[in-house]
Amino acid sequence: MHLRRTSTPFNFRIYMEVVRLDAMMKGWFIGNFTPTLQKTEAVEVAVKEYPAGAREAWHYHKVATEYTVVVSGVVEMNGRRFSKGDIIVIASGEGTDFHAVTAAVTTVVKLPSAQNDKYTRDNNIC
């Protein structure tokens, strides 16, 4: 982490914490895990970058609802295509797979932050 000093138009001094996303685990930077910028059980937040062709296996959450925002690129979830600006809501108990059709960036929010809440079709924790 680095603190950077900046000036405002009013000559106030502001110290900002600056952290690189690649220092986080798979893009997750807020939630009940380590490393994190804010440890909380309320929410998890990630910015995820995928090369074209990347896939994630089908899974579901028993507790959390997952919100995925497609920031750039084209992705498929459950056989449906989504592109920049689409927001996909996967409620707890519902499942999805993921395929980056093109290089893609997503922002993912999970409510709440629930550890060990990612399950395969066989109810195994992944």
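We use all heavy atoms of the structure for the numbers below, so side chains are in, but hydrogens, waters and symmetry mates are not.
Put simply, the side chain of Ser113 never gets that close to the backbone of Glu44: no donor and acceptor are under 3.5 Å apart. Formation of a donor-acceptor pair under 3.5 Å by the Gln115 side chain with backbone atoms of Asn32 is found in this model.
With hydrophobic clusters built from ILVMFWY side chains whose heavy atoms lie under 4.5 angstrom apart, Val45 shares a cluster with Val105. In this structure, Ile90 is not a member of the same hydrophobic cluster as Val71, with clusters built from ILVMFWY side-chain heavy atoms closer than 4.5 Å. Placement of Val43 and Trp28 in two distinct hydrophobic clusters is found when ILVMFWY residues are connected by side-chain heavy-atom separations under 4.5 Å, directly or transitively. Neither Val108 nor Val19 shares a network with the other; the hydrophobic side chains, linked directly or stepwise wherever heavy atoms of I, L, V, M, F, W or Y lie under 4.5 Å apart, form separate groups for each.
Every residue two or more places apart in sequence or in another chain was checked for a ring-ring contact (aromatic ring centres under 6.0 Å, His included) with Phe33, and none qualifies.
In this structure, OG1 on Thr34 lies 9.5 Å from CE on Met25, to the nearest 0.5 angstrom. The CG atom of Asp86 lies 12.5 Å from the OG1 atom of Thr106; values are rounded to the nearest 0.5 Å.
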Show me, pair by pair, the donor-acceptor contacts under 3.5 angstrom made by side chains of residues 75-84, not counting sequence neighbours?
from  : atom 1 : to    : atom 2 : distance (Å)
Glu76 : OE2    : Arg81 : NE     : 2.9
Glu76 : OE2    : Arg81 : NH2    : 3.4
Asn78 : ND2    : Gly95 : O      : 2.9

Enumerate donor-acceptor pairs with a distance under 3.5 Å from any side-chain N or O in residues 46-59 to protein atoms, sequence neighbours excluded.
from  : atom 1 : to    : atom 2 : distance (Å)
Lys48 : NZ     : Lys26 : O      : 3.2
Tyr50 : OH     : Glu56 : OE2    : 2.8
His59 : ND1    : Ala57 : O      : 3.3

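Sequence neighbours left out, the pairs with a member in residues 62-75 that pass side-chain hydrogen bond (donor to acceptor under 3.5 Å, both in side chains) are His61-Glu66. Listed by first and then second residue, the ring-ring contact (aromatic ring centres under 6.0 Å, His included) pairs involving residues 99-126 are Tyr60-Tyr119 (not counting sequence neighbours). The salt bridge (Lys or Arg N to Asp or Glu O under 4.0 Å) contacts involving residues 96-106 comprise nothing, where partners must be two or more places apart or lie in separate chains.
Between Val70 and Ile88 the shortest side-chain heavy-atom distance falls below 4.5 Å. Under the 4.5 Å side-chain criterion, counting only non-hydrogen atoms from C-beta, Pro112 is not in contact with Glu41.
When all heavy atoms of Ala42 and Leu111 are compared, the pair lying nearest together is O-CD2, 3.4 Å.
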